[in-house]
Amino acid sequence: MSHEFFLEVSGLGKDFAPVAFTRGPVVRAVQDVSFRIRRGEVVGLVGESGSGKTTIGRMVAQLIEPTSGSIRFDGVETTSLTRRELRRLHARVQYIFQDPFASLSPRMTIGEILMEGLDIQRIGSKSERVTKATESLASVDLPPDAICRYPHEFSGGQRQRIGIARALTLAPDLIVADEPVSALDVSIQAQIVNLLRDLQMRLGLTMLFIAHDLAVVEYVADTVIVLYLGRIMEMAPSRALYASPQHPYTRALLSAVPSPDPSRHTVRQILKGDIPSPANPPSGCVFRTRCPVAVEACANVVPPLREGAKGHFKACIRDDLD
Amino acid sequence: MNAEPILEISGLTTVFRIGDGEIAAVRDLSLAVATGETVALVGESGSGKSVTSLSIMGLLPRGVGRIAAGKVQLRRKSGELVELQSLGGEALRRVRGNDIGMVFQEPLTSLNPVYTIGEQIAEPIRIHLGKSHREALADAIQRLEDVGIPDPRRRARQYPHELSGGMRQRATIAMALACNPTLLIADEPTTALDVTIQAQILDLLGQLQKERGMGMLFVTHNLGVVAEIADRVAVMYAGSVVETGSVARVFSHPRHPYTKGLMRSVPRLGTATLLKEAGTPLPTIAGSVPSLMNLPQGCPFAPRCPYRIEACSEAYPKLADAGEGQLSRCIRWQEI
Ligand SMILES: Nc1ncnc2c1ncn2[C@@H]1O[C@H](COP(=O)(O)OP(=O)(O)OP(=O)(O)O)[C@@H](O)[C@H]1O
Ligand SMILES: Nc1ncnc2c1ncn2[C@@H]1O[C@H](COP(=O)(O)OP(=O)(O)OP(=O)(O)O)[C@@H](O)[C@H]1O
Ligand code: SF4
Ligand code: SF4
Ligand SMILES: [Mg+2]
Ligand SMILES: [Mg+2]
């Protein structure tokens with residue numbers, strides 16, 4: 001059975017309770033998030049620090065449990081799965097981490113790292129596992145002799161390639177890539193973005209690509225979701241989002257990215273104030289305390305995510321902005 | 001801009017002891033910052049930007065790092081010229097925080113968690129300017145106001161952990177400016193911040209610099225930030241300045257293959273979609289940064305350089321004058 005949408009997330013929410021023995025407030029990390037990913041599609045998730053990107057990624061990858069809402073894989077509701085079924089699901093969703101240094105065990109050879117997942121899932125014979133590992137190394141353009149070397153012998157970019165290779169060995173249905181290039185130098189970032197795009201096209205990967213940098217997501221993502229304080233502000237096909245952003249927050253975010261081209265300097269819109277604490281988000285529209293076009297009504301209701309042009313959604317009550 | 005330099009570095013070479021040998025983390029670096037001018041030091045991780053700023057401030061780790069050659073000359077507020085590399089600890093402390101203000105990437109490393117914000121800003125004012133406790137605290141509150149912190153009186157009584165990341169960075173800027181320095185050294189001051197907060201801080205620094213006519217040395221790996229804030233730029237690669245000149249010239253007509261490659265590989269909003277639709281990969285620089293332990297012979301960029309010829313591996317290229325103040329450490333600069 002194969003559903004058009006491989007992943008369907010609806011009404012997803014996550015609250016974090018205060019640390020034990022403190023009377024801190026509950027953190028509303030993610031609230032009422034819904035989106036879908038088609039097979040072979042890449043959805044980009046962008047937002048500033050603390051907006052809930054990693055929390056969403058971890059819920060999708062079944063690493064943490066949602067407080068509310070549902071996650072369906074291939075039409076199957078995951079909150080109702082047994083332990084055993086969940087374990088099988090784990091192999092189908094792979095997570096690529098931001099920090100290529102911290103995410104690879106220093107004492108394991110690259111070969112052991114790549115085969116770990118296959119070993120755990122008891123997939124294939126020993127020699128088949130080696131073949132799989134060598135294949136995924138080749139697909140990320142690393143030499144076969146890397147298999148018996150250790151992580152510290154590789155540069156940051158190469159380690160991120162190893163992280164990608166590890167995710168590929170299990171031939172997952174979905175990859176959650178959490179800021180896979182944020183820790184890398186500019187000249188290496190583009191190499192990895194190209195690699196991910198190339199793999200995605202060749203292998204038809206379905207991917208949730210998380211980044212705080214709008215410019216990084218653009219090349220990989222078919223659809224982009226913009227988050228702020230745990231909520232979706234805007235969601236649109238990549239081209240439309242960059243060419244005609246609709247939500248005031250997306251516009252501000254795009255305008256805040258400094259351009260290296262001296263000739264392209266336009267007047268920048270600088271948002272005032274700080275991002276409020278997710279422990280105490282503003283009522284109504286969560287962006288209203290910094291929104292340059294907020295009106296009184298913005299405090300009253302949480303703006304629903306509404307579709308304007310086809311496939312272009314925004315959560316803002318104002319339709320009178322050009 | 002031909003104002004007189006506040007800071008003039010010439011032929012700086014800084015080495016670190018590693019095992020039995022030494023590596024040059026900064027190699028033959030020359031740079032000047034004039035009054036009212038912002039100079040950016042840009043380069044990828046490990047290229048020697050922070051080591052350069054630590055060398056200026058005399059903050060190299062003792063027994064491990066040292067200035068092996070070169071001169072770092074500073075014009076103090078009094079007009080006196082001093083050579084920082086030959087000053088002793090006590091004399092250097094009188095310069096740091098007084099004539100030179102410093103801002104680092106992580107505000108929490110420059111703020112002490114057990115003192116209030118106000119006390120921390122007041123301290124250098126008392127020490128360097130000899131003001132009383134009360135006067136210094138009043139000045140500190142004024143500084144907090146200068147950097148756009150709302151309700152400065154209340155904030156002065158708070159501790160660092162009670163402030164958001166952006167607010168803390170404003171507080172460290174207030175501390176750096178406490179004694180009205182003539183030179184501000186900012187090492188990745190916005191790297192840990194969100195992009196909307198980064199925009200606020202860049203705006204603030206630009207404004208403060210203009211008002212006070214300070215010189216500013218701004219260290220960053222972000223070319224967009226350089227274009228936003230700096231007048232001149234020095235591009236570093238593996239410890240060497242490979243190209244320098246006005247931002248306008250260097251960024252629009254780079255004369256070094258590394259600068260050119262870097263400019264091409266910066267993701268630009270709106271252009272990736274076009275490349276994607278055309279099926280073209282993003283431009284990249286092949287390979288990775290060499291380790292300082294085994295730098296290639298001759299030009300350090302040679303293994304990754306599309307313009308490489310045999311002569312490139314023969315000698316370490318000199319900085320060639322490409323005109324209008326632009327210098328390139330490439331033997332083929334005329335063809336770039
Ligand atoms: N285990 C946890 N316990 C308590 N709070 C948490 C936990 N994990 C995340 N949070 C909080 O939830 C909110 C969302 O965090 P999350 O890590 O998802 O953000 P993010 O968008 O990935 O940010 P970043 O860009 O910094 O990685 C933050 O306020 C964070 O402090
Ligand atoms: N204490 C130290 N001991 C040995 N080597 C050091 C030390 N500090 C820095 N280095 C080396 O000096 C080189 C330059 O480092 P530096 O910190 O100046 O880089 P950077 O350009 O500031 O990079 P980043 O963008 O990562 O901050 C690096 O190769 C680094 O490993
Ligand atoms: S709903 Fe109001 S506050 Fe929110 S983005 Fe729209 S105009 Fe701004
Ligand atoms: S000197 Fe040679 S290798 Fe170095 S940048 Fe110039 S052309 Fe390239
Ligand atoms: Mg995260
Ligand atoms: Mg540094």
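To find a chain, count down the sequence lines: A is the first, B the second, and so on, and within it residues start at 1.
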How far does CG of A:Leu196 sit from CZ of A:Phe209, to the nearest 0.5 angstrom? 6.0 Å
In terms of heavy-atom pairs under 4.5 Å with chain A, which of B:Asn222, B:Leu223, B:Val195 leads? B:Val195
State whether B:Tyr258 and B:Arg304 meet the cation-pi test: NZ (Lys) or CZ (Arg) under 6.0 Å from the six-membered ring centroid, and within 45° of the perpendicular axis. no
May I ask you to name which of A:Gln158, A:Arg197, A:Gln189, A:His212 has the most heavy-atom pairs under 4.5 Å with chain B? A:Arg197
Could you verify whether a donor N or O on one side chain and an acceptor N or O on the other, from A:Thr223 and A:Glu41, lie under 3.5 Å apart? yes
Contacting region of B:Val225 [heavy-atom separation from chain A under 4.5 Å]: both
Structural part of A:Ile270 lying under 4.5 Å from a heavy atom of chain B: side chain
Which bit of A:Tyr242 is near chain B, if near means a heavy-atom gap under 4.5 Å: side chain, backbone, both or neither? side chain
Pick from B:Leu262, B:Ile285, B:Thr196: which one has the most heavy-atom pairs with chain A under 4.5 Å? B:Thr196
Taken to the nearest 0.5 Å, the spacing of A:Gln160 CD from A:Ser103 OG works out to 6.5 Å
So, B:Gln169 and B:Thr172: side-chain donor and acceptor under 3.5 Å apart, yes or no? yes
Using heavy-atom distances under 4.5 Å, tell me whether A:Leu254 contacts chain B through its side chain, its backbone, both, or neither. both
Considering only heavy atoms, which portion of B:Pro283 lies under 4.5 Å from any heavy atom of chain A: side chain, backbone, both, or neither? backbone
Atom group of A:Ser155 that falls short of 4.5 Å from chain B, counting heavy atoms: side chain
For the residue pair A:Thr54 and A:Asp178, confirm or rule out a side-chain donor-acceptor distance under 3.5 Å. yes
Distance in Å, B:Gln209 CD paired with B:Leu184 CG, rounded so as to fall on 0.5 Å steps: 8.5 Å
Is B:Leu274 in contact with chain A via its backbone, its side chain, both, or neither, using a 4.5 Å heavy-atom distance? side chain
Identify which part of A:Val193 has an atom lying under 4.5 Å from any heavy atom of chain B, answering side chain, backbone, both or neither. side chain
Has the side chain of A:Glu218 got a donor or acceptor atom that lies under 3.5 Å from a matching backbone atom of B:Thr273? yes
Which atoms of B:Thr280 are under 4.5 Å from chain A, going by heavy atoms: the side chain, the backbone, both sets, or neither? backbone
